[in-house]
Amino acid sequence: MKKSVIYLVLLVAISVVALFIPAVPASIHTEGINSGDVAWMLCASALVLLMTPGLAYFYGGMIDTKNIISTMLQSFIAMGVISVLWIVVGFSLAFGESMGGYIGNPATFFMFQNVLDGKPWSLAPTIPLALFAFFQLKFAIITPALITGAFAERMKFSAMVLFTVLWSFLVYDPMAHMVWGQGGLLNVAGGKFRCLDFAGGTVVHITSGVSALVCALYLGKRVGFPTVKMAPHSVVLSFIGACLLWVGWFGFNAGSALSSGPLATSAFVNTHLGAAAAAIGWMIAEWIRQGKPSALGGISGAVAGLVAITPAAGFVQPMSSLLIGLLAGLVCYTMVAVVKQRFSYDDSLDAFGVHGVGGTLGALLTGIFASSIINPVFKDAAGKTLPVGVIEGHWGQLGDQIVGILIAIVLSVVGTLILLKLVDLVVGLRMSPEDEMEGMDVTQHGEEGYDWA
């Protein structure tokens with residue numbers, strides 16, 4: 001009863017706010033809009049959205065058959081819930097006029113006012129602001145979905161939905177504003193600490209990965225962990241999901257150029273090379289340690305490489321992307337196969353080991369390998385290009401990267417702990433041991449993923 005009342009209040013609140021949605025203007029602005037950039041960004045937005053169903057397959061294959069529907073639904077529901085929240089206020093908080101460098105002013109774009117007239121924006125001057133907003137929406141969708149891999153098979157669906165909503169407001173939106181928003185504390189164009197994050201190393205992967213670890217530790221281990229074997233029920237499903245993620249990631253990284261020019265091409269190439277090198281690195285490490293490589297290791301390595309190259313995709317040269325990917329495969333494998341086993345924490349699907357660690361590694365290496373040849377992001381008053389990364393002599397960039405990483409970690413830890421405690425008090429976080437053993441598909445949704453009859 002309590003849950004139904006909460007959901008009803010939320011629905012009514014959104015409906016009331018919707019009454020103030022401004023009408024779509026009678027004429028659409030086209031000046032300055034580049035049709036080629038628009039076409040590419042529409043495709044990139046679709047590719048990024050494809051990543052969330054890909055994540056559902058990737059996660060779904062790695063858990064028990066009795067939890068596949070619930071696990072996949074946790075990713076799917078984010079596409080609905082976050083989309084609505086983004087339109088209402090999320091985009092304004094992330095990209096609205098800066099309030100102290102930490103959060104956007106909701107009044108700036110509230111209810112998409114002045115967004116649907118087709119006018120471009122300074123951050124993306126050749127595409128409509130609405131397209132930029134919807135491209136960024138896809139990032140906001142997948143980020144909390146990544147966290148679900150840490151608490152798979154044990155958090156109640158109602159708790160997961162409420163946590164996702166609150167986490168988006170308290171952690172994702174502020175971090176997105178600090179790094180990408182105009183006037184943001186970590187914005188590369190004028191922020192106090194100019195953190196290089198081309199497509200989401202800090203904003204997406206460190207925040208979700210660190211929050212995932214906090215969730216795993218707060219909820220505790222699954223019933224039977226680690227004595228009961230908890231092997232993937234379908235590597236085939238996970239394989240399909242990883243392939244969808246790899247393809248979708250081209251939109252994620254190359255789309256972050258916000259145009260169809262050379263920078264997008266560079267990010268596209270680096271994305272592929274990073275994933276390829278990481279898949280090889282993970283499988284080699286696995287081969288050496290376990291005596292044979294596995295398909296699950298290969299796809300996990302590819303995802304780790306995609307994570308690590310994300311902040312660097314639009315800043316580094318191709319050979320650097322190969323090194324970043326190789327290191328990501330080796331380091332993330334060590335976290336998953338050695339460190340996790342050593343400390344025996346139950347990060348169910350390795351959200352922290354891949355996204356938290358991979359994102360941190362990628363952010364650090366971006367500060368080292370960033371090249372002004374690829375992206376001359378820093379210029380002096382006379383317009384002369386300045387060094388970007390450590391390899392060009394700009395050692396201060398590594399310090400800015402560390403500041404960005406630390407802010408992402410602190411915000412994620414503190415924000416997630418507060419929200420977990422709040423959600424636990426309101427609806428309760430964890431299922432009963434009996435429900436957990438029976439499976440979330442039946443106890444949470446009244447259905448089963450497979451009919452064995």
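Everything quoted here is computed from the prediction, not taken from an experiment. Throughout, numbering of the chain's residues begins at 1 and tracks the sequence.
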Step-by-step side chain to side chain donor-acceptor pair (under 3.5 Å) determination, Lys138 to Ser45: CA-CA 7 Å; Lys138 310 309 186 293; Ser45 299; 5.1 Å; no
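- Between Trp282 and Pro293 there is no side-chain heavy-atom pair separated by less than 4.5 Å.
- Considering Phe250, Phe252, Trp40 as possible partners of Phe268, the one that fulfils the ring-ring contact (aromatic ring centres under 6.0 Å, His included) test is Phe250.
- Here CG of Leu306 is found 7.5 Å from CG of Leu245. Values are rounded to the nearest 0.5 Å.
- There is no side-chain donor-acceptor pair under 3.5 Å between Ser98 and Gln182.
- Among Asn187, Leu185, Asp197, the one residue that satisfies the side-chain contact (heavy atoms from CB on, under 4.5 Å) test with Val179 is Asp197.
- Ring to ring, Phe157 and His445 are close: their centroids are under 6.0 angstrom apart.
- A salt bridge is defined here as a Lys NZ or Arg NE, NH1 or NH2 lying under 4.0 Å from an Asp or Glu carboxylate O, and Asp350 with Lys340 meets this definition.
- Of the listed residues (Thr310, Ile206, Val303), just one forms a side-chain contact (heavy atoms from CB on, under 4.5 Å) with His355, and that residue is Val303.
- Checked against a 6.0 Å centroid threshold, the rings of Phe369 and Phe315 do not count as neighbours.
- Taking the six-membered ring for Trp, His272 and Trp249 have ring centres at least 6.0 Å apart.
- Side-chain atoms of Asn270 come within 3.5 Å of backbone N or O of Ser266 as a donor-acceptor pair.
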